[in-house]
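These values consider heavy atoms only, across backbone and side chains, with no hydrogens, waters or symmetry-generated copies. Start at 1 and go down the list; that is how both ligands and their atoms are numbered.
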Amino acid sequence: MSWALHPLTEEQIAIQQTAREFAAQEITPFSAQWDRDSFFEPSIVAKLGELGFLGMLIPEKYDGLGLDTISYLVALEEIAAADASVAVLMSVHNSLPTQMLLRFGSSAQREKYLKPMARGELLGAFALSEPEAGSDAASLSAQAVRDGDSWVINGTKAWVTSGNEAGVILAMARTDTPDKRRGARGISAFIVTPDLPGFGVGKKENKLGLRASPTVQLVFDNLRVPVANLLGEEGQGFVYAMQSLDNGRLGIAAQAIGIARSALEHATAYAAERRQFGKPIKEFEAIQFKLADMATKVAASRALLHAAAAAKDRGSPITQFGSMAKLMASETAMWVTTQAVQIFGGYGYVKEYPVERLFRDAKVTEIYEGTSEIQRIVIARELYASS
Ligand code: CAA
């Protein structure tokens, strides 16, 4: 059930197969335990790096694989179908910090940070949100002040995926001054590494789902960042972050589709095995209709996502289609996993069966990298922008 409506190329099928085999050997046997223990397995980063899966969208000259976006998304779907916690690490790394460095970094920054990130030697993270700045990201308050050859940053970043494991964090902070605020244009992007003085890891979140993916606060207490670590132009950090999130949302859509597909596969198999009233429950129309609707929504979500990815690779703007794909896929994941739990009945509600974890993991796809409400705002704005 992982086929794409739009035919995949031979290379894309080979990548899908590699990802599926890797997931079957290195992830699926452990995912229930990692979830139960909230355990992040560090060796998974090195293994993903060896496959090139942490540099899929980075050109070969920066040590990446230089692949097209659909190749990346089919691999990500396979990883997510096995474990959404591993998928979010891969999505954030490939879509946000590495893309920011590729698109806006200097050649020295690409040499120093992007190359080892593409090889999987340094894991990347993205720090935009703060405890008081979530959907309203432009209201962030971490403050950077220039001091000689450094920027000194104070503030707390929140909800940072892999923030305690990352070797490079792309962090947004204000560079305007309190007497002359410039809104979104007063925000700059900085390359932060954990060895810098004043860097600290704060609270680790105790989450409903994605329990094997650490989500932390980062505390910048007079964090001293060399001026060479400013990314691109001062005051452009919010726009860079938004442009990167256009790509990031494609990754989260693929993650959501992987979760939904896995729930569909488990529910389909269970409905064939489980007998009630003298026959397998798949013979009841109530169950058939659920499975049919689940399969339809997964296929439609994937078709929209792959169309958005193809548009991106043709160079078309994807702000609207990226938000549509993320919105549809994440709401599909939540709906499909809810139906899967229902088909499993009581067994869907306990940890011995996999759909309970999929149901918990699905929820965050409607929240992070822009809530469903924010996606609808972006989609609606674009309707007026293009009219
Ligand atoms: N591409 C390029 N530029 C963009 C853009 C985009 N997609 N979106 C906005 N901009 C530009 C605007 O054109 C504008 O530029 P000007 O100054 O020239 O006018 C500037 O950025 C400010 O934009 P807005 O006026 O639209 O800003 P806003 O305050 O109204 O916010 C928003 C817009 C869409 C609501 C935005 O704040 C948003 O996306 N919020 C959600 C934040 C989010 O997704 N956070 C996720 C954090 S990452 C994460 O989840 C953690 C993880 O690790 C997984």
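- Comparing Q375, R249, Q320 by heavy-atom distance to atom 39 (O) of ligand 1, the nearest is R249.
- Closer than 4.0 Å to atom 32 (C) of ligand 1 lies none of the heavy atoms of the protein.
- For ligand 1, the polar-atom distance check finds an N/O of G370 within less than 3.5 Å of one of the ligand's N/O atoms.
- Side-chain atoms of Y368 never come within 3.5 Å of backbone atoms of W159 as a donor-acceptor pair (strictly under, hydrogens ignored).
- Contact annotation for F238 and ligand 1: only side-chain heavy atoms (C-beta onward) come within less than 4.0 Å of the ligand.
- Contact annotation for atom 19 (O) of ligand 1: protein absent (non-hydrogen atoms, distance under 4.0 Å).
- For S31 (side chain) and D83 (main-chain N/O), no donor-acceptor pair under 3.5 Å exists by modelled atom type.
- Between K207 and E205 there is no salt bridge, since none of the side-chain N atoms of the basic residue sits less than 4.0 Å from a carboxylate O of the acidic one.
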Which atom pairs, one a donor and one an acceptor, fall under 3.5 Å between side chains of residues 88-98 and the rest of the protein, sequence neighbours left out?
from: H93; atom 1: ND1; to: G124; atom 2: N; distance (Å): 2.9
from: H93; atom 1: NE2; to: L54; atom 2: O; distance (Å): 2.9
from: H93; atom 1: NE2; to: M117; atom 2: O; distance (Å): 3.0
from: N94; atom 1: OD1; to: M56; atom 2: N; distance (Å): 3.3
from: N94; atom 1: ND2; to: F53; atom 2: O; distance (Å): 2.8
from: N94; atom 1: ND2; to: M90; atom 2: O; distance (Å): 2.9
from: S95; atom 1: OG; to: Y72; atom 2: OH; distance (Å): 2.9
from: S95; atom 1: OG; to: S91; atom 2: O; distance (Å): 2.9
from: T98; atom 1: OG1; to: H93; atom 2: O; distance (Å): 2.6
from: T98; atom 1: OG1; to: N94; atom 2: O; distance (Å): 3.1

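- Numbered from 1 in the order shown, with element, the atoms of ligand 1 that lie under 4.0 Å from a heavy atom of V92 read 53 (O), 54 (C).
- Checked for salt-bridge contact, D147 and R224 meet the test: a charged N lies under 4.0 Å from a carboxylate O.
- A salt bridge links E331 and R376; the closest N-O separation between the charged side-chain nitrogens and carboxylate oxygens is under 4.0 Å.
- In this structure, K157 contributes its side chain and M172 its backbone to a donor-acceptor pair below 3.5 Å.
- Using modelled atom types, no side-chain atom of S213 and backbone atom of L210 make a donor-acceptor pair closer than 3.5 Å.
- Inside a 4.0 Å radius of atom 52 (C) of ligand 1 there is at least one protein heavy atom.
- Within the 4.0 Å heavy-atom criterion, neither part of V160 lies near ligand 1.
- Among protein heavy atoms, atom 9 (C) of ligand 1 sits closest to M242 CG, 3.8 Å.
- K279 forms a cation-pi arrangement with F284, by the criterion of a distance under 6.0 Å to the ring centre and an angle within 45° of the ring axis.
- Using a 4.0 Å cut-off between heavy atoms, T161 contacts ligand 1 through both its backbone and its side chain.
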Residue pair F190, W151: steps toward the ring pair (Phe, Tyr, Trp, His ring centres under 6.0 Å) verdict: CA-CA 9 Å; F190 295 92; W151 288 93; 5.6 Å; yes
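- The protein non-hydrogen atom at the shortest distance from atom 37 (O) of ligand 1 is S135 O, 3.3 Å.
- Distance check for atom 44 (O) of ligand 1: a protein heavy atom is found below 4.0 Å.
- Contact check on R360 versus D35 returns a salt bridge, with a Lys/Arg side-chain nitrogen under 4.0 Å from an Asp/Glu carboxylate oxygen.
- Contact annotation for atom 25 (O) of ligand 1: protein absent (non-hydrogen atoms, distance under 4.0 Å).
- Those atoms of ligand 1 with a heavy atom of Y368 less than 4.0 angstrom away are 50 (O), 54 (C).
- Taking a 4.0 Å cut-off on heavy atoms, V239 registers as neighbouring ligand 1.
- Taking every non-hydrogen atom of F126 and a distance limit under 4.0 Å, the qualifying atoms of ligand 1 come out as 48 (S).
- Within ligand 1, the atoms closer than 4.0 Å to a non-hydrogen atom of T319 are 7 (N), numbered from 1 in the order shown.
- For ligand 1, the polar-atom distance check finds an N/O of E369 within less than 3.5 Å of one of the ligand's N/O atoms.
- Using a distance-only test at 3.5 Å, with no hydrogens or angles considered, a donor-acceptor pair links the side chain of E41 to the main chain of S43.
- Nearest to atom 42 (C) of ligand 1 by heavy atom, out of G235, G134, S129, is G134.
- Under 4.0 angstrom from ligand 1, there are no non-hydrogen atoms of L96.
- Between E77 and R261, at least one side-chain N (NZ, or NE/NH1/NH2) sits under 4.0 Å from a carboxylate O, which counts as a salt bridge.
- Considering I367, T371, D246, T365 only, the shortest heavy-atom separation from atom 7 (N) of ligand 1 involves D246.
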